[in-house]
Number of protein chains: 2
Amino acid sequence: MAQNEQTALEPRKTPVQARAAVTVGAISEATIQVLLSHGADRLTTTRVAKRAGVSVGTLYQYYPNKQSLLFALLEDHLDKVSAAVEAACERARGKPMAEMVKDVVEAFVDAKMARTDISTSLYRIAGDVGGPALVRQTGLRSQKALGAMLETAPDAVLRQEKFAIQMVFAAMAGASRSVLEAGASPAMVRNLRDHLVLLCQSYMAVATQPRRLR
Amino acid sequence: MAQNEQTALEPRKTPVQARAAVTVGAISEATIQVLLSHGADRLTTTRVAKRAGVSVGTLYQYYPNKQSLLFALLEDHLDKVSAAVEAACERARGKPMAEMVKDVVEAFVDAKMARTDISTSLYRIAGDVGGPALVRQTGLRSQKALGAMLETAPDAVLRQEKFAIQMVFAAMAGASRSVLEAGASPAMVRNLRDHLVLLCQSYMAVATQPRRLR
DNA sequence: GTGATATATGAAGCATCCTTCAGGTTTGGC
DNA sequence: GCCAAACCTGAAGGATGCTTCATATATCAC
């Protein structure tokens with residue numbers, strides 16, 4: 001998935017009629033399926049269109065090019081995860097820190113596991129040009145929300161250390177990905193939740209300590 | 001980067017003369033550079049050959065196809081990281097657990113940061129077909145080594161819980177990648193080392209506790 | 001110096017695929 | 001029913017790039 005010089009993220013047409021919305025939905029689902037069955041290298045717009053049961057010309061009605069199709073899916077997914085984290089942060093304001101951490105971790109994992117097919121398939125394109133930047137961009141939203149929430153913790157104060165927050169998200173991302181790419185069986189997902197909560201709680205307990213000793 | 005039905009990982013020819021070894025080295029370096037400058041989608045064998053200062057036919061003397069070129073680089077890199085972890089585990093046998101964890105984390109980070117260009121560029125191909133499986137495979141070596149080392153800790157006993165070990169590596173991978181894709185400035189790398197040690201130590205301190213309470 | 005082997009070259013064959021657009025079909029308001 | 005707008009079709013234009021192979025050059029042992 002490469003950066004295109006055109007307005008890569010602008011749809012050519014936005015669906016108006018209901019049948020068009022259905023078509024765009026089918027294209028999205030088909031894209032995920034082809035990513036999973038053929039990988040990014042073998043994903044062609046023709047193959048996606050066929051899988052979706054539409055013509056390739058229709059696909060280009062809604063997406064100016066192949067890259068914008070893929071980018072749209074990635075962005076949508078990242079937005080959903082970020083929104084889930086932000087909501088959890090909002091709900092957990094004022095709680096003890098350990099509880100805060102637990103809520104956020106579980107929200108993150110739940111969002112990642114809502115559709116394991118989507119999460120898993122998008123890793124195939126997320127590493128190439130443009131992907132990491134988008135991940136970082138939406139990640140900033142989540143980190144900001146977490147930071148704001150932590151400020152309201154009645155039992156701990158985090159130093160103005162943004163790195164610790166980044167670490168938490170990076171660890172969550174790494175762990176989730178590891179599980180997703182290994183098939184994400186229910187048992188694994190349960191383990192992931194439990195251990196990730198433990199990992200982040202124990203880390204945050206230490207990361208918030210230095211200031212408490214003053 | 002997709003799986004090819006041919007013997008994708010077999011070189012067509014192994015360099016014998018010194019000048020051939022130099023050529024293969026130049027091809028590897030050029031591949032990294034093209035991955036960084038153009039991304040995976042825009043990486044072509046022709047472009048790599050030109051960047052390396054050799055003909056495209058020469059490239060195909062040593063690699064049967066494009067995919068095997070990329071796979072070879074990825075595998076080499078993962079092997080180096082794994083070897084570094086294994087060596088650290090060997091050296092840290094019998095030490096207190098916190099020290100063990102510190103040594104391993106630092107070995108991992110050092111291996112990842114030895115050549116940030118290589119580490120960073122390979123993320124561009126590591127997510128597509130075949131990459132995650134390879135990551136998992138070499139990851140098993142590292143996990144095995146870590147498990148064996150932890151068995152020799154004089155002050156802690158880890159339950160026969162392989163998941164905790166996987167978590168440590170997943171967290172390290174996630175955090176390292178986050179820093180690498182953000183440019184890996186010296187300050188960031190220092191922070192990464194410190195915080196990653198803290199993260200893994202605090203987690204392992206808790207993960208080894210349950211058995212201690214018996 | 002000779003000859004066998006190793007190594008290098010790059011034009012081109014050919015497969016692939018992105019994208020378009022002329023033409024057809026469906027929807028919804030009047 | 002008519003008509004404009006929305007939507008759909010898929011063949012094909014043309015660009016791209018993987019890979020090969022006939023030919024040329026360099027190395028090394030005798």
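All figures in this text were calculated on a predicted structure; none of them were measured in a lab. Letters A, B, ... mirror the listed sequences (proteins, then strands); counts begin at 1.
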What's the CG-P distance between B:Asp41 and D:dT16, to the nearest Å?
14 Å
Answer whether the closest heavy-atom distance between the side chains of B:Phe169 and B:Val85 falls below 4.5 Å.
yes
Minimum-distance pair of heavy atoms, taken over all atoms of A:Ala49 and A:Leu59
N-CD1, 4.2 Å
Counting only heavy atoms not in B:Lys95, do more than 12 sit closer than 6.0 Å to its NZ atom?
yes
For C:dC17, does OP1 or OP2 lie under 4.0 Å from any side-chain N or O of A:Thr46?
no
Closest heavy-atom pair and its distance - A:Ala111, A:Val81:
CB-CA, 3.9 Å
Go through the structure and list residues passing salt bridge (charged side-chain N to carboxylate O under 4.0 Å, His left out) with B:Lys80, not counting sequence neighbours.
B:Asp76
Check: B:Thr152 side chain, B:Met149 main-chain N or O, donor-acceptor pair, under 3.5 Å
yes
Electrostatic pair B:Arg115-B:Glu29, nearest N-O below 4.0 angstrom
yes
Listing request: all salt bridge (Lys or Arg N to Asp or Glu O under 4.0 Å) pairs with a residue in residues 170-179 of chain B, at least two apart in sequence or in separate chains.
B:Arg177-B:Glu181
For nucleotides 21-30 of chain D, just jot down a letter per nucleotide in 5' to 3' order: B, S or -, based on protein non-hydrogen atoms under 4.0 Å.
B----BS---
Does a nitrogen or oxygen in the side chain of A:Thr23 sit under 4.0 Å from OP1 or OP2 of D:dC8?
yes
Taking atom types as modelled, is there a side-chain donor on B:Ser142 or B:Ser82 under 3.5 Å from an acceptor on the other?
yes
Would you check if A:Cys200 and A:Met172 make a side-chain contact, meaning some heavy-atom pair closer than 4.5 Å?
yes
Test: B:Arg124 and B:Asp41 ion pair at under 4.0 Å
no
When you measure from every atom of DNA chain C, which of residues 47-56 of chain B have a heavy atom less than 4.0 Å away?
B:Val54, B:Ser55, B:Val56
Spacing between B:Tyr62 atom OH and D:dT19 atom C1', to the nearest angstrom:
17 Å
Please give, in whole Å, the distance from D:dA5 P to A:Lys13 NZ?
13 Å
Using only side-chain N and O atoms of A:Thr44, determine if any of them is under 4.0 Å from OP1 or OP2 of C:dT16.
no
d(OH, B:Tyr63; P, C:dA8) in whole Å:
12 Å
Nearest to the side chain of A:Lys66, which nucleotide is it out of C:dT19, D:dT19, D:dC7?
C:dT19
Would you mind reading off the bend of the helix from C:dG1-D:dC30 to C:dC30-D:dG1 from its two end axes, five pairs each, to 10 degrees?
20°
Could you tell me whether a side-chain N or O of A:Thr23 sits under 3.5 Å from a main-chain N or O of A:Arg19, the two making a donor and an acceptor?
yes
Would you say the side chains of A:Ser28 and A:Thr31 form a donor-acceptor pair under 3.5 Å?
no
Can you sort out which residues in residues 25-35 of chain A have a heavy atom within less than 4.0 Å of DNA chain D? Ascending by number, please.
none
Calculate the interatomic distance between A:Leu59 atom CG and C:dC18 atom C1'; express it in whole Å.
11 Å
Using side-chain heavy atoms (C-beta onward) and a distance below 4.5 Å, is A:Asp79 in contact with A:Arg141?
yes
